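Below, read A as the first sequence line, B as the second, and so on, with proteins coming before strands; counting in each chain starts at 1. Keep in mind that what you see is a predicted model, and the values were worked out from it rather than measured.
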2 protein chains.
Amino acid sequence: MPKSQLRSQLNLSESGEDYLKAIFQLREELRRTHDSDLVTTNALAARLGVAPGSVTGMVKKLADLELVTHAPYRGVNLTEVGERLALELVRHHRLLELYLTRVVGFRWDEVHDQADALEHAISEEFEDRIDEMLGNPAYDPHGDPIPTKEGQITGPELAPLAAMIPDPDRIYTIVRVLTQDPTLLRYLDQLRLTPGTHIRLMARAPFGGDLRVATETAECLISPLIAGVMLVMHSGH
Amino acid sequence: MPKSQLRSQLNLSESGEDYLKAIFQLREELRRTHDSDLVTTNALAARLGVAPGSVTGMVKKLADLELVTHAPYRGVNLTEVGERLALELVRHHRLLELYLTRVVGFRWDEVHDQADALEHAISEEFEDRIDEMLGNPAYDPHGDPIPTKEGQITGPELAPLAAMIPDPDRIYTIVRVLTQDPTLLRYLDQLRLTPGTHIRLMARAPFGGDLRVATETAECLISPLIAGVMLVMHSGH
DNA sequence: ATTGAGATTTTGGCATACCTCAATTATAAA
DNA sequence: TTTATAATTGAGGTATGCCAAAATCTCAAT
């Protein structure tokens, strides 16, 4: 089963791949909120469901392979090669999520775990075929950008709906949803608050209360927590 | 990622699954040629590319789980549960092979290794979807029967072309090809000797020489070795 | 029925990968 | 300086694999 050149010649374990991907994703989250690049051991441990000691061990191994840099007691960061590899994995994952919804017929709340299992198993050829089948897509079902085969990842500047000022005249487009929680995804689906939908933020209850959101056909109340994971783009009017 | 009840509650390793599948397949081969049910340790070791000692260890583990019975110095056999599980894996593998050729667009010589990697990773739901997409198929691209979800496996009585008596008036249908060797598969494809093709056995050179085979459009010579892996069915005339 | 050659299996020592837990050490804030 | 938090180390466990040597079995010939 031909893997990518990088993957096969490093002959990194599945576990190692998981670490790389987790580092990449945690760093993305840090960049969105704080301004840091350094991923901490504990954050990784929590994300991977593993004891902190285990992380130190694997991080050392990845550092030996020059996939990450490790400043003890400070944090971990990806090297260029490590990032390249992480992007490859993220590409696999997101292409698979889209494939599973569009072609195989799963709901968007069902695909994350399956993509996690499959991303390690598919060949580059398989990746190429489904990429073609899907018409070289740029976004997955949750609106997450899919890195190109060359490792480029881009996307519009987005802000969470939670940060917006209520204004019945302003129209936003939901672009991305920062969650993989099936329950939440099903809930959003039910409210029709899915990527591509146009909405208006009508009002916000004081002291961190609910937000009133209008779609084209209905209105609903959502918690600030939910509004925090909904990334929107301003779209005219 | 929901696996089958059996697979998840036993929480068998990937390696264990490979052993089960290998035992199942070796037993099939034994039944076709000899009359034995017992798979030997060495045969398993050779099949799995592993030292005989390693097999003993894993077989013990499988015996503890009551998936196989082990008569020392005699061989290994599957229990009912073990066979059920092996059939599930074989079903995954063969469905995937068909899916990869029919839907994803791979050639029949490319799919075996990929199916091997994927068969451990797919969920039961994924299996169900591709089964439906393919119209509940009974055979994979090589003509191998696909077990049903209930674990039934059937197929017509077949004999290798190598065992047939030359007769220009007798028409056979190629039903199954007992190989996964990519080189051989490409060769057969080139000669159009693929499952579903009608052929006649024109002649056979003496002393284990080549067989002359006629398709509807051409004639070719094939070695007894190749004729041994081509299973055919008599089909009138 | 016995025997001995050859094949098969088991044993034991070892290696790797990944994990946990508990003790220790470093960092940074009070 | 003290203390809380976080990270690292080291010992130990599980799972899988290897090899080589010892033990055991089978089978055919006597």
Rounded to the Å, how far apart are A:L48 CG and D:dA7 C1'? 16 Å
Rounded to the Å, how far apart are B:Y19 OH and D:dA15 P? 15 Å
Has the side chain of [X] got a donor or acceptor atom that lies under 3.5 Å from a matching backbone atom of [Y]?
| X | Y | value |
| --- | --- | --- |
| A:H142 | A:W108 | yes |
| B:R204 | B:M164 | yes |
| B:R94 | B:P147 | no |

Chain B on DNA chain C: first and last contacting nucleotide, 5' to 3', under 4.0 Å to a heavy atom?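 With heavy atoms of chain B under 4.0 Å away, the range is C:dT8 to C:dT11.
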For [N], take OP1 and OP2 only and decide whether either is under 4.0 Å from a side-chain N or O of [X].
| X | N | answer |
| --- | --- | --- |
| B:S54 | D:dC18 | yes |
| B:K61 | D:dT16 | yes |
| A:T56 | D:dT8 | yes |
| B:S13 | D:dT16 | yes |

For a quick test of reading the model, state the closest non-hydrogen atom pair linking B:L30 to B:L38 and the distance between them. CD1-O, 3.2 Å
Whichever of A:V55 and B:G75 has its nearest DNA chain C nucleotide further upstream toward 5':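 Upstream on the strand: B:G75.
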Is the closest side-chain heavy-atom distance between A:K149 and A:D131 below 4.5 Å? no
Got A:D189 and A:D109 here, is their nearest side-chain heavy-atom distance under 4.5 Å?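 No, side chains not in contact.
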Does the cation-pi check pass for B:R176 over B:Y139, that is, NZ or CZ under 6.0 Å from the six-membered ring centre and within 45° of its axis?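 Not satisfied by the 6.0 Å and 45° rule.
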Base, sugar-phosphate or nothing for B:G49? Non-hydrogen atoms, less than 4.0 Å.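 Sugar-phosphate, backbone atoms only, no base.
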Under 4.0 Å, heavy atoms only, any strand: does A:G57 hit a base, just the sugar-phosphate, or nothing?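 A:G57: no heavy atom of the nucleic acid under 4.0 Å.
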One thing to verify: whether A:R84 and A:E88 come together as a salt bridge, which I'm taking to mean a side-chain N less than 4.0 angstrom from a carboxylate O. yes
I need a per-nucleotide contact map over nucleotides 24-29 of chain D, read 5' to 3'. Cutoff is protein heavy atoms under 4.0 Å; write B for the base, S for backbone only, - otherwise. BSS---
Could you walk me through whether B:E119 and B:D18 pass side-chain contact (heavy atoms from CB on, under 4.5 Å), step by step? CA-CA 10 Å; B:E119 67 189 5; B:D18 285 336; 4.3 Å; yes
